Amino acid sequence: MSVRVRFAPSPTGYLHIGGARTALFNWLYARHTDGTFVLRVEDTDDARNTREAVDVILDGLRWLGLDWDEGPVSGDAMQQSRGENGPYFQSQRGDIYQRRIQELLDNDLAYDHEGAIKFRMTREPVTIPDLVAGNVVRKLTDREEADPDFVIVRSDGKPVFHLVNVVDDIEMDITHVIRGEDHLSNTSKHIELFKAFGEEPPKFAHIPLILNNDGSKMSKRDTGASMTAYKEGGYLPSAVLNYLSLLGWSPKDDTELMPLTELIKRFDMDGVQRANARFDMAKLDWLNFEHIRSLKQEAFKTQAIAQLQAAGIDTAARDDDYTNAALALCTDKIKNLNDIAGYIGFFFLDAVEIDAEAAEQALTPENRPHLAALREAYAGLAKFNADSLQGALKSTAAALEVKNKFLVMPARVACTGSKVGPSLYHLMELLGEAEVLKRFDAALTAM
RNA sequence: GACCCCUUCGUCUAGUGGUUAGGACACCGGCCUUUCACGCCGGCAGCACGGGUUCGAGUCCCGUAGGGGUCGCCA
């Protein structure tokens, strides 16, 4: 039988990083086994059930590239979904739950209690076979000893999570339940429910949780808890996915940098960790850098132009060769997508914005004669390319009897407005003589 | 309170009875260099603790401590 897994988020209005990782593990397992990835919306709680809240989750998954084979096509529960096992919104599955509840009632496996319906739960310890944790024997807690039965339908008629979750997994032929470890203790309830319905429970795999860097529980308000933080924070989806895959799963050898295709190839349940993992932004940053620089030229260009546009910098006025050359000067140097505009924006700006601190350090009165001399040297150059620019700068520095850096820094700041940036000589070559001299002049008047 | 899971460098991890306990990120030096990076070389740093079992334990067992989770007419 082919693998069928599902990601079943509750529309809380944001996609939690832990939820995203659960989705990723399910998705990877489905793709690895050539199985089916189902997306089901657990919107049984009216209070937080809105179309917008669902869309946030769908958008987050789409951004990551975690496509689903069956499930909603939009956040609108009334809209037709994709797949044969729908509806994929629990709010639309009332009839199915009614039928299953009646089945339990008819078999005396459930009963009315103060207007609600409770399930007759076993008092015996339940063994939970788990692909990650092994066989877990779950005994009753002291409160459960007093009354092991639990509510499956509220007095307002609405079925609760435990019931609908199990019913849906049965109806949707789910073969593997891969979810957060926070559900491990509750799984005894689910297993008994499966048995009550005469069904073989699916395989369970409870994956460890993601904690904050200090080891505390990650909650909604913590930085990095929401997927949008990464989208807006300049991270590539492939980097986020790669990092998330490494939190709680290991390929067993020392490979860490992996594109999605390799993740799919290598992911399996036996590499899943049992201990919770702490989130380390520094490592994500490193992977982000690695993924950015392994981007193909065209893909990088697409990202760069989007970033420049978002920063209000128009690249359309320049010809393609110029833009490509500018981008070529910063590949391998960009660690975060959000740094692109600041790093090469000056190529496309008419008037350079000079960083105050850079100006204070480099565009000083003492450096004015240096920059002025360099301007003279550059104005008389037969060829205006990286080699000639470097040669002229060095000989000018020698003539002035100062170190190169006293010419380099003013020139850099004059041209780019910043102390850091692409290779100076190459950047000036691309800018061209007229533009470089113009920027030198503007800086000289300000010194 | 009860029940369940977990515990190797700061962090993510490799390790399935015999290893100088490996890698990565971060950090600290050095080299390279026109800046910042990259890269290269080197360094710091770990088996939570206590008992067993065994010729031998990071690896197996028990206990303790610590962390996380669950016990709801939330999901």
Side-chain angles (χ1 to χ4, degrees), chain A residues 8-12 42-45 47-48 90 113-118 125 128 130 132-134 136-146 148 150-162 164-165 180-189 206 208-209 211 213-218 243 246-257 271 273-287 289-290 293 330-335 339 343 358 362 386 389-390 393-394 397 403-405 407-409 411-413 416 418-428:
Chain A
S10 175
T12 51
E42 306 220 331
D43 56 346
T44 51
D45 184 7
R48 52 182 172 181
Q90 289 184 334
H113 176 79
E114 295 175 0
I117 298 176
K118 292 181 94 171
I128 304 163
D130 191 274
V132 177
V136 175
V137 181
R138 168 62 154 78
K139 290 195 287 254
L140 259 38
T141 67
D142 53 359
R143 292 178 194 200
E144 290 165 338
E145 288 282 1
F150 58 93
V151 171
I152 52 174
V153 182
R154 302 183 224 169
S155 53
D156 66 4
K158 291 224 162 54
V160 305
F161 165 75
H162 299 302
V164 297
N165 192 268
E181 198 216 78
D182 49 340
H183 284 103
L184 182 55
S185 287
N186 283 151
T187 304
S188 54
K189 293 187 175 72
H206 288 92
L209 270 20
L211 308 178
N213 198 248
D214 64 2
S216 61
K217 181 189 175 183
M218 191 178 269
Y243 179 66
L246 259 18
L247 279 189
W249 171 76
S250 166
K252 297 294 181 184
D253 59 16
D254 292 328
T255 313
E256 300 208 282
L257 179 60
Q273 217 65 28
R274 302 179 68 153
N276 292 168
R278 301 179 186 209
F279 195 89
D280 182 14
M281 197 65 85
K283 186 132 186 182
L284 203 212
D285 285 335
W286 170 72
L287 274 171
F289 172 52
E290 294 295 337
R293 67 172 175 170
C330 73
T331 37
D332 273 16
K333 299 195 127 195
I334 297 295
K335 297 199 158 192
D339 293 339
Y343 201 84
L389 291 165
Q390 178 165 20
L393 184 140
K394 285 184 173 170
K403 286 187 174 177
N404 293 345
K405 69 173 181 180
L407 302 194
V408 167
M409 285 317 285
R412 171 178 293 286
V413 174
T416 72
S418 167
K419 287 188 293 181
V420 302
S423 163
L424 178 61
Y425 307 117
H426 292 90
L427 133 206
M428 290 193 294

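Basis for what follows: all heavy atoms, side chains included, without hydrogens, waters or symmetry-related copies. Numbers restart at 1 for each chain; the letters A, B, ... are given by sequence-line order, proteins then strands. Here the structure is a predicted model, which is why all the values come from computation and not from measurement.
Here the separation of B:C28 from B:C36, taken at their P atoms, is 15 Å to the nearest Å. Nucleotides B:A24 and B:C38 place their P atoms 15 Å apart, quoted to the nearest Å. With C1' as the reference atom, B:G66 and B:A26 are 25 Å apart, rounded to whole Å. B:U8 and B:G67 have their P atoms separated by 15 Å, given to the nearest Å. Taking atom C1' on both nucleotides, B:A37 is separated from B:C5 by 43 Å, rounded to a whole Å. Taking atom C1' in both B:C25 and B:G68, the straight-line distance is 24 Å, to the nearest Å. With both ends at atom C1', the span from B:A21 to B:C3 equals 35 Å, rounded to whole Å. With P as the reference atom, B:U7 and B:A48 are 9 Å apart, rounded to whole Å.
Nucleic acid contact class of A:Gly180 (heavy atoms, under 4.0 Å, all strands): none. Using a 4.0 Å heavy-atom criterion, one finds that A:Pro422 contacts the bases of the nucleic acid, with or without backbone contacts as well. At the heavy-atom level, A:Glu256 lies under 4.0 Å from base atoms of the strands shown. Within the nucleic acid shown, A:Asp332 has no heavy atom closer than 4.0 Å to any nucleic acid atom. Among the protein residues, A:Arg278 comes within range of the sugar-phosphate backbone only, with heavy atoms under 4.0 Å from sugar or phosphate atoms but none that close to a base. Within 4.0 Å (heavy atoms only), A:Tyr425 reaches at least one base atom of the nucleic acid. Among the atoms of the strands shown, base atoms are found under 4.0 Å from some heavy atom of A:Ser423.
Atom pair A:Asp339:CG and B:U35:P shows a separation of 20 Å (rounding to whole Å applied). Put simply, CE on A:Met281 is 14 Å from P on B:A26, counting in whole angstrom units. Atom CG of A:Leu287 and atom P of B:A26 are 10 Å apart (whole Å). A:Leu246 has its CG atom 12 Å from the C1' atom of B:G23, to the nearest Å. Summarising the geometry, the separation between NZ on A:Lys252 and P on B:U16 is reported as 10 Å, rounded to the nearest angstrom. Atom NE2 in A:His113 sits about 13 Å away from atom C1' in B:G72, given to the nearest Å.
In this structure, A:Asn213 and A:Met281 have side chains that are not in contact, with every pair of non-hydrogen atoms separated by 4.5 Å or more. No side-chain heavy atom of A:His162 sits less than 4.5 Å from a side-chain heavy atom of A:Ile152. Here the side chains of A:Leu246 and A:Glu256 are in contact, with some heavy-atom distance below 4.5 Å.
No cation-pi contact links A:Lys333 to A:Tyr343, judged by a cut-off of 6.0 Å to the six-membered ring centre and 45° from its axis.
For A:Lys333 and B:C36, a side-chain-to-base donor-acceptor distance below 3.5 Å is present, hydrogens and geometry of angles not being considered. Side-chain atoms of A:Asn276 stay outside donor-acceptor range of the base of B:G69, with no qualifying N/O pair under 3.5 Å. On a pure distance criterion of 3.5 Å, no polar donor-acceptor pair joins the side chain of A:Thr141 and the base of B:C3. Under 3.5 Å, the side chain of A:Arg138 and the base of B:U70 form no donor-acceptor pair of N or O atoms. Side chain A:Lys335 to base B:A37: no donor-acceptor pair is found below 3.5 Å.
When distances are taken from the side chain of A:Asp280 to each of B:C36, B:G68, B:G10, the shortest belongs to B:G10.
Between A:Lys139 and B:C4 there is a side-chain polar atom (N or O) within less than 4.0 angstrom of OP1 or OP2. Phosphate contact (OP1/OP2 of B:A14, side-chain N/O of A:Gln273, threshold under 4.0 Å): present.
In this structure a side-chain-to-backbone donor-acceptor pair under 3.5 Å is missing from A:Asn276 to A:Pro208. In this structure a side-chain-to-backbone donor-acceptor pair under 3.5 Å is missing from A:Asp285 to A:Lys335. Without hydrogens or angle criteria, A:Arg412 side chain to A:Pro422 main chain gives a donor-acceptor distance under 3.5 Å.
Residue order along RNA chain B, read from the 5' end via each residue's closest nucleotide, puts A:Val420 first among A:Val420 and A:His183.
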